[in-house]
Amino acid sequence: MRGAEHRGTVASYIPPLASVPVAKFGLAVVMADGSVHAAGDAEEAFSIQSISKVFALTLALGAVGDQLWNRVGREPSGSAFNSIVQLETEHGIPRNPFINAGAIVVCDVLLGRLQPREAIGQMLRFVRELAGDDTISIDEIVARAEQETGFRNIALANYMRAFGNIHGEVDLVLGTYFHFCALAMSCRQLAMAGRFLMGDGRVDGHRVVTGKRARRINAVMMSCGHYDNSGDFAYRIGLPGKSGVGGGILAVAPGIASIAVWSPGLNEAGNSHLGQMALERLVQRTGWSVFEPRG
Ligand code: GLU
């Protein structure tokens, strides 16, 4: 991207992410009227990683409603995505569903009613329906690599189990979590899948969530969607968003657009460096912001 001094660093904790070329860049914007604007590598599937936490949260709220908030908070953590320190003082209740510990609890909640295979199938059906695209898949190589190297996530899950906040078998909960992280989607598919958050919870006349729930998921994305960089993202971009270490970001301009950007080079907080820059330029040019006075 013009004006960018560097592209950040590609995640290196698993080989399938480490081998993604840093030069990749894609952007897709789906407008409220359904028109799609795509640029660069917008059709290439990448590992959505923690962006899947938005879809998992939506499914868990659908399954158990606000009871979910008894087991996971909705406050920014101010810590890294995989931090264990707060869990000690906060009795195994993760700060929010968008850090790893919180997303692992969300998976455990889903497994309260489903077997892992069913929960993974439900997730796949959900994102395919949201995106209107049956070709979306889970990258089994990524899922396996996550499993083989996920010692910190294994520690988080066991630690929360010790506090009684994981009810199922840790292995099964994590297997589900790793498969969610391994969802592979393109910017176009991701922006399409985010449409339910830009309106009143409906997509193509079909209700996905209530308008109130869509607003609340957006609120959690706004305050917690970028790890310990969430305040800065809100300040610079002013839209709800969720990032993943694969270099993707899903952002929502309520009433206006659903936006997905992908560039695998990350900043120190684990967010796409060029992705954030691109979103910043987009909102500067369009004036899109949830803080923009209307009417
Ligand atoms: N699979 C990654 C992990 O659990 C997800 C990290 C992320 O995208 O934030 O460590």
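Whatever order the structure lists ligands and atoms in, that order sets their numbers, starting from 1.
Every atom of ligand 1 is numbered from 1 in the order shown, and the set under 4.0 Å from a heavy atom of Ser50 is 5 (C), 6 (C), 7 (C), 8 (O), 9 (O). Near Tyr177, meaning under 4.0 Å from any of its heavy atoms, are these atoms of ligand 1: 3 (C), 4 (O), 5 (C). Each of the atoms 3 (C), 4 (O), 10 (O) of ligand 1 lies under 4.0 Å from some heavy atom of Asn153. Those atoms of ligand 1 that come under 4.0 Å of a heavy atom in Cys181, given as number and element, are 1 (N). Against a heavy-atom cut-off of under 4.0 Å, Gly244 is close to the following atoms of ligand 1: 8 (O).
Each of Ile141 and Met123 belongs to its own hydrophobic cluster when Ile, Leu, Val, Met, Phe, Trp and Tyr are linked at side-chain heavy-atom distances under 4.5 angstrom. One hydrophobic cluster, built from ILVMFWY side chains closer than 4.5 Å, cannot hold both Val106 and Leu114; they sit in different ones.
Under the 4.5 Å side-chain criterion, counting only non-hydrogen atoms from C-beta, Ile51 is not in contact with Ile249. Gln284 is listed as a side-chain neighbour of Glu280, based on a closest heavy-atom distance under 4.5 Å. At least one side-chain heavy atom of Ser50 sits under 4.5 Å from a side-chain heavy atom of Asn100.
Here Val245 has heavy atoms under 4.0 Å from ligand 1 in both its backbone and its side chain. Contact annotation: for Ile51 versus ligand 1, there are no heavy atoms closer than 4.0 Å. Only the side chain of Glu146 comes within 4.0 Å of ligand 1, counting heavy atoms alone; its backbone N, CA, C and O stay farther away.
The shortest N or O to N or O distance between Gly246 and ligand 1 is not below 3.5 Å. Between Tyr227 and ligand 1, a contact under 3.5 Å exists for at least one N or O pair. For ligand 1, the polar-atom distance check against Lys53 finds no nitrogen or oxygen pair separated by under 3.5 Å.
Heavy atoms of other residues, nucleotides or ligands lying less than 6.0 angstrom from CD of Glu75 number 12 at most.
Residue pairs meeting the side-chain hydrogen bond (donor to acceptor under 3.5 Å, both in side chains) criterion with at least one member in residues 10-28, sequence neighbours excluded, are Tyr13-Gln49, Tyr13-Glu146, Lys24-Glu44. For the side-chain hydrogen bond (donor to acceptor under 3.5 Å, both in side chains) condition, the pairs that include at least one residue of residues 241-263, sequence neighbours left out, are Ser243-Asn271.
For Tyr13, the closest heavy-atom approach to ligand 1 falls below 4.0 Å.
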